[in-house]
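Proteins come first, then strands; the chains are lettered A, B, ... in the order of their sequence lines, and each starts at number 1.
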Protein chains: 2
Amino acid sequence: MAAVTSGSGDPVRTLALLWRTKDAPSRGPKPGLSVDAIVSAAIQLADTEGLGALSMRKVADKLGVGTMSLYTYVPAKAELIDCMVDTVSTETERPEHTGGWRARLEQVARQNWDLYHRHPWLLQVVMSRPVIGPGVIAKWDYELRAIDGLGLDEVEMDGVLNVVLAHVEGAARAKLQTEQTERDSGMTLDQWWAASAPVLERVMDESAFPVASRVGSVTGEKYASAYPPDHGFAFGLERVLDGVAVLVEARSASA
Amino acid sequence: MAAVTSGSGDPVRTLALLWRTKDAPSRGPKPGLSVDAIVSAAIQLADTEGLGALSMRKVADKLGVGTMSLYTYVPAKAELIDCMVDTVSTETERPEHTGGWRARLEQVARQNWDLYHRHPWLLQVVMSRPVIGPGVIAKWDYELRAIDGLGLDEVEMDGVLNVVLAHVEGAARAKLQTEQTERDSGMTLDQWWAASAPVLERVMDESAFPVASRVGSVTGEKYASAYPPDHGFAFGLERVLDGVAVLVEARSASA
DNA sequence: CACTGTACCGTACGACGTACGGAATAGGCA
DNA sequence: TGCCTATTCCGTACGTCGTACGGTACAGTG
């Protein structure tokens, strides 16, 4: 099951946590744990078992401490998830931007695509407020630099990046969520379809949905055989970037 | 908090539920409830309080029955959510397609945009398997018909629709999730920023993220004043459709 | 050496999804 | 008419969750 909100607590406390601004206390016992250790254990758990299986108790068990000890370092689960998001955001590679804007955006999209593959639980995080941590900001800055200096204004830059990333997220969702479910349920998508198809045939009048039936059967067949698993990602990215190209050319023509 | 999976149970049972294929039993007491009543109560609850606040107990209370009575009609919460998704999918308007493909896709996108506004909890549903119910299929068929006959093959049609809908979802997420959080937490985004900004200034070195800082401050300012709230939606849609146009023109030129 | 701020965490509470089994009901059939 | 049986309804209970609260052990500070 699952899912989870982030960023519901006191903003000041959350920011202090994300940016790790708290001087080590002089009094008291030495901390046996750290925010980083907790966050990294939580990420490992979410990677292997999904966000739905992530509980404070399991994180604590993995670290060999009592559950409530975590709350010495982290105000609540929502803030822990904020930290997880910020931490994995640092993982994307950021080579110096070279080449044209299109190659740059392709690289940015690919980095995000890979990030979702490493951490599919990112797709299940319900972000109620933006996570403003060092990792997220650095990633955003890098991604914006890919399209800086093209004559787009700031709102346009933001908009362009959003379309690209929305596409990546959608494509990742389509591919990864079913994979995660296969792991959880022990039932592959093929098996699921095999179980569903006969019933569906009896229950649904295909002629009432002619186009859906046609497209559904062809794509089901082709994706199983002819197309690589990231075809949806690559295809959509081309469309989006073609659209961005129209804008960029208009702006550079008027400059 | 929250979130939720759907479609984790027995496919045959789920399909029977979605398509309402069960003959009314001849023996036994008259059912005092119905799947439709339960689904509609659940939708109302999710609309007003969010998916995180949706529990079997609350649905039952709203209907004035015992919690476990729901399980006579619905195998589990996941299947209930499947039904909710399928039901609201019937709500989108579907006028006969007229005009060019671009106007059609704009209309499709707008319908989905409106749907997310009516039911923001749709953004929080973690769909592990496709929901194959009459509502979802009918909607998909209609949307595919918007781009049928343009010379695109089936996989391309699927891909084009996916990019458009991924953009709508992303834009809706950006706009609606913060609105939902404002309702839940009683703290507006402005207040949240007001609380965060001073801390952020102290903690973050703006010069380390020059482009992010510039774009962040300009967009924050402009979205508060100069732009309509659906600017992100409209802007991204233009980009995506410009990209689709390139493909459509290529296909119709080669025909 | 006492004080005090800190780390650690056992216990407990309220909410959740739902398994289980019993009671009440009403049509089908003898 | 009356029993049988498929159904509906649902109270109770279990395991899991996030986390509030308060106690205890610890280690620098005055």
Side-chain angles (χ1 to χ4, degrees), chain A residues 1-10 13 16 22-35 37-38 42 45-46 49-84 124 126 184, chain B residues 1-10 13 16 22-35 37-38 41-42 45-46 49-82 84 124 126 184:
Chain A
M1 303 277 154
V4 184
T5 334
S6 73
S8 27
D10 169 30
R13 177 95 193 264
K22 39 116 215 233
D23 31 358
S26 54
R27 238 101 61 115
K30 291 270 171 268
L33 234 50
S34 69
V35 174
I38 293 171
L45 259 173
E49 309 193 30
L51 199 61
L54 180 74
S55 74
M56 299 303 270
R57 275 172 245 257
K58 284 196 198 148
V59 174
D61 281 357
K62 192 180 176 76
L63 291 165
V65 299
T67 308
M68 292 313 291
S69 300
L70 302 183
Y71 289 87
T72 306
Y73 299 86
V74 156
K77 193 186 184 186
E79 282 81 357
L80 173 56
I81 292 174
D82 282 346
C83 286
M84 293 167 65
Q124 300 172 18
V126 175
D184 295 347
Chain B
M1 300 272 157
V4 184
T5 335
S6 73
S8 25
D10 169 30
R13 177 93 193 264
K22 38 115 213 235
D23 30 359
S26 54
R27 240 102 58 123
K30 291 270 172 267
L33 234 49
S34 68
V35 174
I38 293 171
L45 259 173
E49 310 193 28
L51 200 60
L54 180 74
S55 73
M56 299 302 270
R57 274 172 246 255
K58 283 196 198 148
V59 174
D61 280 357
K62 194 180 175 74
L63 291 165
V65 300
T67 307
M68 293 311 292
S69 299
L70 303 182
Y71 289 87
T72 306
Y73 299 87
V74 155
K77 194 186 184 184
E79 282 80 358
L80 172 57
I81 292 175
D82 281 347
M84 293 166 66
Q124 300 172 18
V126 175
D184 296 348

Engineer: Figure out the CG/P separation between A:D23 and C:dG5, and round it to whole Å.
Structural biologist: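 A:D23 atom CG is separated from C:dG5 atom P by 14 Å.
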
Engineer: B:K22 vs B:V35, test: side chain to side chain contact (heavy atoms under 4.5 Å, CB included). Steps then yes/no.
Structural biologist: CA-CA 11 Å; B:K22 38 115 213 235; B:V35 174; 4.1 Å; yes

Engineer: A:L70 has an atom CG; how far is it from atom C1' of D:dA20, in whole Å?
Structural biologist: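 Atom-to-atom, A:L70 to D:dA20, this comes out as 15 Å.
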
Engineer: Round to the nearest Å and state the distance from A:D61 atom CG to D:dC17 atom C1'.
Structural biologist: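 Going from A:D61 (CG) to D:dC17 (C1'), I get 13 Å.
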
Engineer: Using whole Å, what does the distance between atom C1' of nucleotide D:dC17 and atom CG of A:L80 come to?
Structural biologist: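 In whole Å, D:dC17 C1' and A:L80 CG are 15 Å from each other.
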
Engineer: Where is the tightest heavy-atom contact between A:Y73 and A:P31, given as atom of each residue plus distance?
Structural biologist: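 So the minimum-distance heavy-atom pair works out to OH-CB, 3.4 Å.
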
Engineer: Run A:I81 and A:Q124 through side chain to side chain contact (heavy atoms under 4.5 Å, CB included) and show every step you take.
Structural biologist: CA-CA 11 Å; A:I81 292 174; A:Q124 300 172 18; over 6 Å; no

Engineer: If I take atom CG in residue B:D10 and atom C1' in nucleotide C:dT18, what distance separates them, rounded to the nearest angstrom?
Structural biologist: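 That distance rounds to 17 Å.
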
Engineer: Pair B:L70, B:L80 - check side chain to side chain contact (heavy atoms under 4.5 Å, CB included), show working.
Structural biologist: CA-CA 10 Å; B:L70 303 182; B:L80 172 57; 5.7 Å; no

Engineer: Between C:dC9 and A:S69, is there an OP1 or OP2 to side-chain N/O distance shorter than 4.0 Å?
Structural biologist: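 For C:dC9, OP1 or OP2 has a side-chain N or O of A:S69 closer than 4.0 Å.
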
Engineer: Could you check how far CE of B:M68 sits from P of C:dG17, rounded to whole Å?
Structural biologist: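 So the CE-P distance, B:M68 to C:dG17, works out to 11 Å.
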
Engineer: Grab the N/O contacts between the protein and nucleotides 14-16 of chain C below 3.5 Å, and write none if there aren't any.
Structural biologist:
| unit_1 | atom_1 | unit_2 | atom_2 | d |
| --- | --- | --- | --- | --- |
| C:dC16 | OP1 | B:S55 | OG | 3.3 |

Engineer: Which whole-number value in Å describes the distance from B:Y73 OH to D:dA6 P?
Structural biologist: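 Rounded to the whole Å, the gap is 18 Å.
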
Engineer: Strictly under 3.5 Å: I want the nitrogen or oxygen pairs between protein and nucleotides 26-30 of chain D, one per line.
Structural biologist:
| unit_1 | atom_1 | unit_2 | atom_2 | d |
| --- | --- | --- | --- | --- |
| D:dA27 | O4' | A:G28 | O | 3.3 |

Engineer: What is the nucleic acid contact for B:A60, judged by heavy atoms within less than 4.0 Å: base, sugar-phosphate only, or nothing?
Structural biologist: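 Contact class for B:A60: none.
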
Engineer: Measuring from atom CD1 of B:I38 to atom OG1 of B:T72, what distance do you get when rounded to the nearest 0.5 angstrom?
Structural biologist: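 One gets 8.0 Å once the value is rounded to the nearest 0.5 Å.
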
Engineer: Taking side chain to side chain contact (heavy atoms under 4.5 Å, CB included) as the test, write out the residues that go with A:P75, two or more places apart.
Structural biologist: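 A:P75: side chain to side chain contact (heavy atoms under 4.5 Å, CB included) contacts with A:R13, A:L17, A:E79.
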
Engineer: Would you be so kind as to tabulate the donor-acceptor pairs closer than 3.5 Å made by side chains of residues 50-60 of chain B, with sequence neighbours excluded?
Structural biologist:
| unit_1 | atom_1 | unit_2 | atom_2 | d |
| --- | --- | --- | --- | --- |
| B:S55 | OG | B:K58 | N | 3.2 |
| B:K58 | NZ | B:A53 | O | 3.0 |

Engineer: Nearest-Å distance, OH (A:Y71) to P (C:dA12)?
Structural biologist: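 Answer to the nearest Å: 18 Å.
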
Engineer: Can any side-chain N or O of A:Y71 pair as donor or acceptor with the backbone N or O of A:A76 at less than 3.5 Å?
Structural biologist: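 No: the side chain of A:Y71 does not pair with the backbone of A:A76.
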
Engineer: Estimate the overall bend of the helix from C:dC1-D:dG30 to C:dA30-D:dT1 from the end axes over five pairs each, rounded to 10 degrees.
Structural biologist: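 So the angle between the two local helix axes works out to 20°.
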
